[in-house]
2 protein chains.
Amino acid sequence: MSDMSARLLALLSLLQTPREWPGSELAERLEVSPRTIRRDIDRLRELGYPVQATMGAVGGYRLAAGAAMPPLLLDDEEAVAIAVGLRTAAAHPVDGIDEASVRALAKLEQVLPSRLRHRVGVLAAATVPMLAGAEPPVDPRTLVVLAGAAANRERLRFAYRSGDGAETRRLTEPYRLVTAGRRWYLLAYDIDRDDWRVFRADRIGDPHPTGVRVPARVPPEQDPAAFVAAKLHSSAPVYEVVATVRLPAGQVAGRLGAAAGTVEPIDDHSCRLRGPADTLEWLASRLLMLGCEFEVHEPPELRAYLGALGARAARAAQTPTITY
Amino acid sequence: MSDMSARLLALLSLLQTPREWPGSELAERLEVSPRTIRRDIDRLRELGYPVQATMGAVGGYRLAAGAAMPPLLLDDEEAVAIAVGLRTAAAHPVDGIDEASVRALAKLEQVLPSRLRHRVGVLAAATVPMLAGAEPPVDPRTLVVLAGAAANRERLRFAYRSGDGAETRRLTEPYRLVTAGRRWYLLAYDIDRDDWRVFRADRIGDPHPTGVRVPARVPPEQDPAAFVAAKLHSSAPVYEVVATVRLPAGQVAGRLGAAAGTVEPIDDHSCRLRGPADTLEWLASRLLMLGCEFEVHEPPELRAYLGALGARAARAAQTPTITY
DNA sequence: GCCATGTAGGTCATGACCTGTCCTAGATGA
DNA sequence: TCATCTAGGACAGGTCATGACCTACATGGC
């Protein structure tokens with residue numbers, strides 16, 4: 001059944017390999033005549049996939065970059081690699097592609113064979129903490145559920161731990177998943193409280209959609225991100241960091257990344273760093289990893305943290321008195 | 001042309017969305033009769049894609065997890081997110097899926113539209129250094145080229161900086177790209193030197209395939225990874241770390257990840273960490289991020305590094321004397 | 001300069017199969 | 001109980017995919 005569609009998919013899969021395929025070899029693999037292969041390649045081209053052909057004795061076909069993304073045909077290991085990569089990316093929303101990576105993760109996990117899902121879990125558990133700071137990492141599966149419920153307009157029930165440790169059960173209509181700083185937030189309508197609320201994703205436990213589809217509620221504001229930012233600003237203080245770094249501005253900007261704030265040169269050997277510091281631990285480790293001298297002017301909390309860190313490092317570095 | 005294939009692909013794309021699609025809506029979107037939609041869904045099922053259907057008044061179709069990976073149909077942003085995630089994953093080969101992620105990256109970058117490629121470059125530049133340690137990060141594009149040349153058996157020409165800074169041009173026949181520790185190595189036959197060599201990927205500059213395809217050379221050993229490890233062992237010393245951590249063993253194992261080594265409990269409050277420490281900087285930062293007391297017994301180099309780090313942190317934490 | 005080997009594409013006969021339009025059966029929630 | 005969805009059989013008509021054979025053209029090795 002639908003012989004040709006399966007063959008076109010297989011052809012697309014073969015052409016995505018980074019090598020050149022002679023038409024005769026493709027014909028052999030797909031068990032059709034070379035003429036049909038040529039026709040299939042024409043078909044792919046008409047569908048918008050730019051199949052490049054190099055002529056001559058050592059020629060062959062390969063898929064080039066075109067105007068649109070062709071369907072990606074992955075083997076098991078590649079799928080696992082992508083899932084793991086997306087999970088770590090979702091756990092560290094520092095990009096400009098936060099929600100896209102969660103969407104892609106949702107897509108992938110929806111169709112990921114169960115045996116692979118297990119491998120993803122194991123590998124992600126071994127990988128995520130390596131990149132994490134002191135932040136409580138978000139469970140990427142939670143993010144996937146939240147994003148799915150928001151996109152699907154499904155009611156969502158979950159347990160929520162507030163800042164003081166109290167746990168409540170919530171019934172909500174999710175509207176959008178957004179990032180602010182280095183955290184994920186769910187903007188949703190809380191049905192019991194009859195108002196819009198902002199939930200920190202890392203405090204949401206055991207979310208599951210109720211299956212009830214609801215019409216889109218009028219959002220509280222045009223821009224969900226702005227609404228979340230406003231809510232946060234009123235509750236949690238955001239530190240503003242000012243530091244002098246003894247390294248040329250260009251190097252600092254390159255090694256800290258764009259999200260760290262602005263870097264202004266002071267002279268050829270040092271520069272000033274200014275920016276929001278949503279988590280002190282993360283910024284401290286970044287600064288230390290630069291490997292150069294630096295001074296922190298603001299905030300005092302960061303100085304205190306660095307002092308404690310330095311003392312702990314010094315204690316750890318002492319020649320041990322115990323044997324082992 | 002090839003109307004049905006395009007429709008099946010579009011159908012697959014729609015079904016990958018995390019929502020349920022009634023057959024009538026699918027028929028409307030794809031501009032065919034509902035009967036044809038049902039037939040298409042049958043076809044997909046025969047091709048191995050498990051389309052789940054919920055019956056009843058609010059029913060619909062959706063794609064579930066099956067035995068094999070269906071072709072992933074991504075929009076622009078999702079493709080960019082995956083590419084960025086894979087780049088950072090490739091730059092930090094700590095997993096068990098190193099080469100798979102490079103393969104997937106090669107596949108993706110081969111077909112990524114150029115306008116998206118640009119966005120990937122920008123975002124990756126802003127993201128990679130955030131996660132990087134003091135290590136010189138590898139250029140993921142270099143990795144992609146290396147892996148492609150090895151898979152395609154193409155001769156590869158590149159510039160190589162040795163440890164003392166000398167730069168030479170090499171003409172090689174790449175055999176395999178492997179990871180050892182937290183670095184990438186290329187195992188290749190050096191044609192000018194007429195012998196097998198191991199190249200550090202981060203020291204390879206400006207690689208480009210010559211286009212010359214060569215038959216597979218007899219590899220120096222069964223296992224490329226073992227060969228690389230042997231080569232490295234003879235040249236670079238590998239530290240063995242021993243540390244006492246004042247935290248329960250379970251927590252340490254979970255937060256350091258599997259690649260950090262073995263964790264044995266000492267008592268309820270502390271444990272012993274043993275393992276290879278390929279890079280001191282990385283391990284030091286991981287230990288500090290645990291947020292607990294710890295003592296380093298071996299190697300002395302790690303103690304020295306921690307001491308210097310602690311002193312630097314202490315200096316940075318002092319109340320600044322300059323105004324700003 | 002020649003030849004082998006690859007892509008590119010035209011034509012034609014045959015028959016498979018895709019499609020829309022009927023139809024009925026079964027499941028499910030309001 | 002009824003509306004609404006999935007599931008699937010029967011049938012007629014015509015599109016179009018396939019293989020066989022052909023020529024034209026590009027390229028690299030000899």
Side-chain angles (χ1 to χ4, degrees), chain A residues 1-12 14-15 19-47 49-64 152-155 209-215, chain B residues 1-12 14-15 19-47 49-64 152-155 209-215:
Chain A
M1 284 333 121
S2 143
D3 213 2
M4 192 180 85
S5 301
R7 198 179 58 237
L8 282 187
L9 243 53
L11 190 55
L12 219 38
L14 289 176
L15 291 178
R19 59 164 285 199
E20 298 226 321
W21 295 88
S24 56
E25 192 174 345
L26 292 173
E28 206 173 317
R29 287 241 328 212
L30 302 179
E31 297 178 336
V32 288
S33 74
R35 184 67 183 92
T36 299
I37 290 294
R38 285 203 291 278
R39 271 196 277 251
D40 282 352
I41 283 177
D42 273 351
R43 273 190 271 266
L44 288 183
R45 287 178 178 151
E46 280 176 39
L47 287 176
Y49 307 126
V51 181
Q52 267 186 0
T54 55
M55 317 243 334
V58 292
Y61 297 99
R62 67 188 307 165
L63 193 59
N152 208 8
R153 308 202 179 291
E154 264 182 311
R155 280 200 181 163
T210 62
V212 177
R213 204 83 64 78
V214 290
Chain B
M1 290 327 121
S2 141
D3 213 1
M4 194 181 83
S5 300
R7 198 180 57 236
L8 282 186
L9 243 52
L11 189 55
L12 218 37
L14 289 176
L15 292 178
R19 60 162 285 196
E20 297 224 325
W21 294 89
S24 55
E25 192 174 345
L26 292 173
E28 205 173 318
R29 280 224 182 190
L30 301 178
E31 296 178 336
V32 287
S33 74
R35 185 66 183 93
T36 300
I37 290 294
R38 285 202 292 278
R39 270 194 278 250
D40 282 351
I41 283 177
D42 271 353
R43 273 189 270 266
L44 287 184
R45 286 177 177 153
E46 281 177 36
L47 287 176
Y49 306 125
V51 180
Q52 267 187 0
T54 55
M55 316 231 354
V58 292
Y61 298 98
R62 66 187 309 165
L63 192 59
N152 207 9
R153 309 201 179 291
E154 263 182 311
R155 282 201 179 161
T210 62
V212 178
R213 203 86 63 79
V214 290

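Below, chain A is the first sequence line, B the second, and so on; all start at residue 1. Just so we're clear, the structure is a prediction, and the values are computed from it rather than from any experiment.
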Review point. If you count the non-hydrogen atoms of other residues, nucleotides and ligands that lie under 6.0 Å from CZ in A/R45, is the total more than 12?
Key: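 Atom CZ in A/R45 is crowded, with more than 12 foreign heavy atoms closer than 6.0 Å.
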Value in whole Å for how far the [atom2] atom of [N] lies from [atom1] of [X]:
{"X": "B/E25", "N": "D/dC5", "atom1": "CD", "atom2": "P", "value": "10 Å"}
{"X": "B/Q52", "N": "C/dA27", "atom1": "CD", "atom2": "P", "value": "18 Å"}
{"X": "B/M4", "N": "C/dC17", "atom1": "CE", "atom2": "P", "value": "10 Å"}
{"X": "B/E20", "N": "D/dT6", "atom1": "CD", "atom2": "C1'", "value": "12 Å"}
{"X": "B/E46", "N": "D/dA7", "atom1": "CD", "atom2": "P", "value": "14 Å"}
{"X": "B/W21", "N": "D/dT6", "atom1": "CH2", "atom2": "P", "value": "13 Å"}
{"X": "B/R43", "N": "C/dC17", "atom1": "CZ", "atom2": "P", "value": "11 Å"}
{"X": "B/L11", "N": "C/dT19", "atom1": "CG", "atom2": "P", "value": "12 Å"}

Point to revise | Minimum-distance pair of heavy atoms, taken over all atoms of B/L63 and B/P50 | key: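 Closest approach of B/L63 to B/P50, heavy atoms only: CD1-O, 3.7 Å.
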Review point. What is the minimum heavy-atom distance between A/S5 and B/L8, and which atoms define it?
Key: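 Here A/S5 and B/L8 meet closest at OG-CD1, 3.4 Å.
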Exercise for review: Could you list the residues that satisfy salt bridge (charged side-chain N to carboxylate O under 4.0 Å, His left out) with B/E25, not counting sequence neighbours?
Suggested key: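 B/R19.
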Exercise for review: Would you mind telling me which of C/dA27, C/dT19, C/dA8 lies closest to the side-chain atoms of B/M55?
Suggested key: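 Out of C/dA27, C/dT19, C/dA8, the nucleotide with an atom closest to B/M55's side chain is C/dA27.
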Measure all distances between protein nitrogen or oxygen atoms and nitrogen or oxygen atoms of nucleotides 9-13 of chain D, and list the pairs falling under 3.5 Å.
from	atom 1	to	atom 2	distance (Å)
D/dG9	N7	B/R35	NH2	3.3
D/dG9	O6	B/R35	NE	3.0

Exercise for review: Please state whether the phosphate of D/dT6, meaning OP1 or OP2, lies under 4.0 angstrom from any side-chain nitrogen or oxygen of B/R45.
Suggested key: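 Answer is no, no contact under 4.0 Å.
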Review point. Tell me, do A/L9 and B/L9 make a side-chain contact under 4.5 Å, heavy atoms counted?
Key: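 Yes, at least one pair of side-chain atoms sits under 4.5 Å.
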Review point. Do B/R62 and B/V51 come close enough that some side-chain heavy atom pair is under 4.5 Å?
Key: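 Side chain of B/R62 against side chain of B/V51, heavy atoms only: no contact under 4.5 Å found.
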Protein-nucleic acid N or O pairs under 3.5 Å, nucleotides 13-15 of chain C:
none

Review point. Just how large is the angle between the end axes of the helix from C/dG1-D/dC30 to C/dA30-D/dT1, five pairs per end, to 10 degrees?
Key: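 Answer rounded to 10°: the end axes differ by 60°.
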Check your understanding: Got a second to check how far B/L11's CG is from B/W21's CH2, nearest 0.5 Å?
Key ->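 B/L11 CG to B/W21 CH2: 10.0 Å, rounded to 0.5 Å.
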Review point. Say you draw a straight line from OH of A/Y61 to CD of A/Q52; how long is it, rounded to the nearest 0.5 Å?
Key: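 Separation between the atoms: 12.5 Å.
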**Study point:** Partners passing side chain to side chain contact (heavy atoms under 4.5 Å, CB included) against A/E28 (at least two apart in sequence or in another chain)
**Key:**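 A/E28 satisfies side chain to side chain contact (heavy atoms under 4.5 Å, CB included) with no residue once adjacent residues are dropped.
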Side-chain donor-acceptor distances from residues 31-41 of chain A under 3.5 Å, at least two apart:
from	atom 1	to	atom 2	distance (Å)
A/S33	OG	A/T36	N	3.3
A/S33	OG	A/T36	OG1	3.2
A/D40	OD1	A/R7	NH2	3.1
A/D40	OD1	A/R43	NE	3.2
A/D40	OD1	A/R43	NH2	2.7
A/D40	OD2	A/R7	NE	2.5
A/D40	OD2	A/R7	NH2	3.1

Review point. For DNA chain D, whose closest nucleotide is more 5', that of B/S24 or that of A/S33?
Key: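 Residue closer to the 5' terminus by nearest nucleotide: B/S24.
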